Each structure stands twice: as structure tokens, then as C-alpha cells.
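Just below is one structure, and these are the notes that go with it.
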Number of protein chains: 2
Amino acid sequence: MKDAILKAAEARMRRDGFHGFSFRDLAADVGIKSASVHYHFPTKADLAVGLMRNYREEMLAAFGDAGDDRALADKLGAVCDAYKTKLSQAGICLCGILAAEHAGLPEPVGAALKDYFIACRDWLISAFAGSGADEPEKRALVFSSALQGALLMSHAMGDPTLFDHATGETIRACDSGTRPRQ
Amino acid sequence: MKDAILKAAEARMRRDGFHGFSFRDLAADVGIKSASVHYHFPTKADLAVGLMRNYREEMLAAFGDAGDDRALADKLGAVCDAYKTKLSQAGICLCGILAAEHAGLPEPVGAALKDYFIACRDWLISAFAGSGADEPEKRALVFSSALQGALLMSHAMGDPTLFDHATGETIRACDSGTRPRQ
DNA sequence: GTCTATAATTTGATAGAC
DNA sequence: GTCTATCAAATTATAGAC
């Protein structure tokens, strides 16, 4: 049941944001009462933090090993694919929408948010550094922001192809920047 | 007073999102009661739509004329500067945060949101087409998404330099793509 | 673990006096 | 235009029975 709540909460939070749904909505989704949701997650912040922990593990697992022998473009492609799967399910990145709202969120949520983006950044730094790219730290953040922007705009415009165009462009730029005049 | 409410509402909505503040918060900001806010804006959707209309005009004015004789990089730089000013005031783009939440927002807000992004896209298409770039439609959307992502990540990580890095990279990519081996 | 019941607060919004 | 007063509904969260 805890997993069912987390699943419903991810869908709700990715669609409507932290303040856009209630424990009663969630309870109705999984067929119990809101008091029972509070049994599993005392506060909404607890729910969000638990959700983000799960989400981080799921995404990093989908990215694969940043240090393996795949080509850089394949690694970045795996990251894009993981987010595209999320986009196709409706809603953007869980941490993307929470990032947009983060100034008005409980403090533990903000901390978990930074944890997520730092984990992603570190994965990307590893991937860039492994391919001999210069300034891997900078590239990692630029790539992340391009990705989050592609999710946001593709979602807002209701145009899934926008995500492919934007991420395709970004990967191509990274690849040529990393291995110039190949 | 209507302008004061709009100003306070922009700050609140850019910080906390559509559901993250109340008419009472707003009333306190400008020193009146919430009933008086409802006199100026009957519903919260009315407020958001009015806000977005103002915001759109303000931003397009800051971009300047898309058809003038500035270099493409200068035009794109003006767009980035306009958003950077917003970022420095705290909070991301008004339409960026509303885009993230848009699935759970009143319908008129979603319509105004699309209007904003279409206006921006058209401005950018004009700028790209004027410099002889190929696929100006595609470039416009890719540029917009890079920009929104840069705002989001810079905000979430609390790192203003991230915005400069990401947008600088994007402008450089557009420029070299438009005028190859210059 | 889930329920009923409810507390305590907040919310968007309205009515009507001034 | 702003106020007081208020409504009806929703919200997060808790207490205690089963």
C-alpha cells in the first residue's frame, strides 16, 4: 500500500505540483481514507522526500553506469530516454516541478531537491570526464538545464517532438564539443 | 492600487507558484484586505491572466524589435538579459513556473500560457529567419527551452552563474550554427 | 493498518455597509 | 474602492475505536 501511495503521489505531484493536490485526492486514488495516508507519511513533506528518494534511485538506475565503456552520446541518450519515458506518462520531471516551486516548499524538500540535482550532476560529470571532455562540471550543469527546459516546454506546448529536437541538439553539441573535428 | 496588486502578485507567483499564495497574502503585501483584492480581480484565474498579459508585454518590449539590424547574438543576448533581470529579482520566469504547474491550473491560465510562449516563439522565429538561419521554427523552440531550463536550474541550485554558462553556450551554438565557419 | 470523527486553520469568494 | 463579516469548502493533521 505504501508503494501504491508513492506511485499515485508521483503522478499527482508531477502533474499538479506540491500544492496542487491533497491527501484526500491521494487517498481516493488508492482506495483508502486520508487518515490512512497520514499513517504511512505523517506530513506532506515526508511524502515528498520519500518520493524524491525513490525517484532518484529509479532515474540513476535508468541512466546506467556513468563509468562504463559506452560512447558519451549513448550515455547522454540513456539519460534523455529516462526523462522521455516520464514525459510520455504525463507531467514533467518530479524534481523539475519541485524546483520551480522550491522557494515556497518545506525545508526538507529543498534539501532533497539539491541532493537529486547534485546526484545527477555527479553522474554527468563522471560521464563527461570519462570521455575526456574539458570543463565536465560546467557541461554537466548546462546539460541538466537543457534537459529540464526541454521537459518544461514540451509539456507546456503539448508537443512531444519538442523534447526530441531540443535534446538531440544538445547531445550533438556536447559530442562535437568533446571530440572536435572528428 | 491595481498595479500594486499586480506587482505583488508577480513576485508571489514567481516565487511560490499559482497555489503557493493566497489573496490574503497579497492583500497584506499591499496593505488592504482580501475582499478588496477580489474587487480588482474577481478570481485567481483573472489575476493570473492579467498578470501574464502584463508580463508578456514587458518581456517583448525588453527584447526589442526582432526585425531590426542588430546581430543575431545581440538579439538573443537581449532576451537572456531580460530573463536574467527577472532571475536576479528572485524567482524564475512567471510563465515558466506556471508551465510546470499548468495541468492543474484553470483553463484560461493554460490558454494565456500558450499565448505567451507562442509570442516568444514568433519573436525568435523572426530573429532567426532575419539572420538567414535554417529551420527558424525549430531553433526558436530549442532556444526557449534552453532558456527556461537555465532559469529553473539556476534557481534550484542557487547559482546565478549557471544561467550565464548555459545561455552563453546556447547563444554560441546558435551563432556558429547560423553563420558556419565564419 | 484502516477506519470515523473532528480539530484547527486556510482558502477562494460573496454580501452589504460606508 | 475599501471595509467588516461571513460562507462554504478544503486543507493538514490528530485521537481513538476496531
Side-chain angles (χ1 to χ4, degrees), chain A residues 1-52 54 94 97-98 101-113, chain B residues 1-54 94 97-98 100-113:
Chain A
M1 174 52 59
K2 194 165 185 172
D3 283 351
I5 294 171
L6 283 168
K7 193 179 167 187
E10 185 191 323
R12 288 271 184 187
M13 211 173 286
R14 293 215 349 262
R15 253 187 62 92
D16 305 330
F18 187 88
H19 294 111
F21 71 100
S22 71
F23 271 47
R24 274 174 179 75
D25 294 327
L26 229 47
D29 287 342
V30 299
I32 57 175
K33 297 295 175 179
S34 72
S36 305
V37 179
H38 280 283
Y39 167 79
H40 294 283
F41 301 97
T43 72
K44 211 177 184 183
D46 292 325
L47 173 63
V49 170
L51 202 49
M52 292 162 84
N54 273 24
L94 173 69
I97 190 162
L98 291 176
E101 299 177 299
H102 99 275
L105 264 33
E107 187 272 324
V109 179
L113 202 53
Chain B
M1 174 53 61
K2 195 166 183 170
D3 283 351
I5 294 170
L6 282 168
K7 193 177 167 187
E10 186 191 322
R12 288 271 183 186
M13 212 173 285
R14 293 215 349 262
R15 253 187 59 92
D16 305 331
F18 187 88
H19 294 110
F21 71 100
S22 71
F23 271 49
R24 277 173 179 77
D25 294 327
L26 228 48
D29 288 341
V30 299
I32 57 175
K33 296 296 175 178
S34 71
S36 304
V37 179
H38 280 283
Y39 167 79
H40 293 284
F41 301 97
T43 71
K44 210 176 184 183
D46 292 325
L47 173 63
V49 169
L51 202 49
M52 291 161 84
R53 187 196 318 279
N54 273 22
L94 173 68
I97 190 162
L98 292 176
E101 299 177 300
H102 99 276
L105 263 34
E107 187 271 324
V109 180
L113 201 53

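Every value quoted in this text rests on a predicted model; they were computed, and no experiment measured them. Residue numbers begin at 1 in each chain, while the letters A, B, ... track the order of the sequences.
Applying the ring pair (Phe, Tyr, Trp, His ring centres under 6.0 Å) test to Phe23(B) and every residue at least two apart in sequence or in another chain returns His38(B). Not counting sequence neighbours, the partners of Ala4(A) by the side-chain contact (heavy atoms from CB on, under 4.5 Å) test are Met1(A), Val30(A). Ala27(A) is linked by a side-chain contact (heavy atoms from CB on, under 4.5 Å) to Ile32(A), Ser34(A), Val37(A), counting only residues two or more places apart in sequence or in another chain. For Lys2(A), the side-chain contact (heavy atoms from CB on, under 4.5 Å) partners at least two apart in sequence or on another chain are His40(A), Phe41(A).
The distance between atom CZ of Arg24(A) and atom P of dA5(C), rounded to the nearest whole Å, is 13 Å. The distance from atom CZ of Phe21(B) to atom P of dT10(C) is 17 Å, rounded to the nearest whole Å.
If you check residues 36-51 of chain A against DNA chain C, the residues with a heavy atom closer than 4.0 Å are Ser36(A), Tyr39(A), His40(A), listed by number. Near-neighbour residues of DNA chain C inside residues 5-18 of chain A, defined by a heavy atom below 4.0 Å, are absent.
You can see that DNA chain D meets the heavy atoms of chain B within a 4.0 Å-exclusive cut from dG1(D) to dT6(D), reading 5' to 3'.
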With a 3.5 Å cut-off and sequence neighbours excluded, list the donor-acceptor pairs that the side chains of residues 101-112 of chain A form with protein atoms.
residue: Glu101(A); atom: OE1; partner: Phe18(A); partner atom: N; Å: 2.9
residue: His102(A); atom: ND1; partner: Ala99(A); partner atom: O; Å: 3.3
residue: His102(A); atom: ND1; partner: His155(B); partner atom: NE2; Å: 3.4

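Within the structure, the salt bridge (charged side-chain N to carboxylate O under 4.0 Å, His left out) test picks out the following pairs touching residues 23-51 of chain A (sequence neighbours left out): Arg12(A)-Asp29(A).
Atoms OG and CG, on Ser36(B) and Leu26(B) in that order, are 12.0 Å from each other to the nearest 0.5 Å. Annotation: the span from Leu47(A) atom CG to Glu10(A) atom CD amounts to 11.0 Å, rounded to 0.5 Å.
Note that the two end axes of the helix from dG1(C)-dC18(D) to dC18(C)-dG1(D) enclose an angle of 0°, each drawn from 5 base pairs, rounded to 10 degrees.
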*Could you go step by step and tell me if Leu94(B) and Leu98(B) meet the side-chain contact (heavy atoms from CB on, under 4.5 Å) rule?*
CA-CA 6 Å; Leu94(B) 173 68; Leu98(B) 292 176; 4.1 Å; yes
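Taking the side chain as every heavy atom from C-beta outward, Asp3(B) and Leu6(B) approach each other to under 4.5 Å.
Comparing Asp25(A) and Ala35(A), the nucleotide of DNA chain D nearest to each residue sits closer to the 5' end for Asp25(A).
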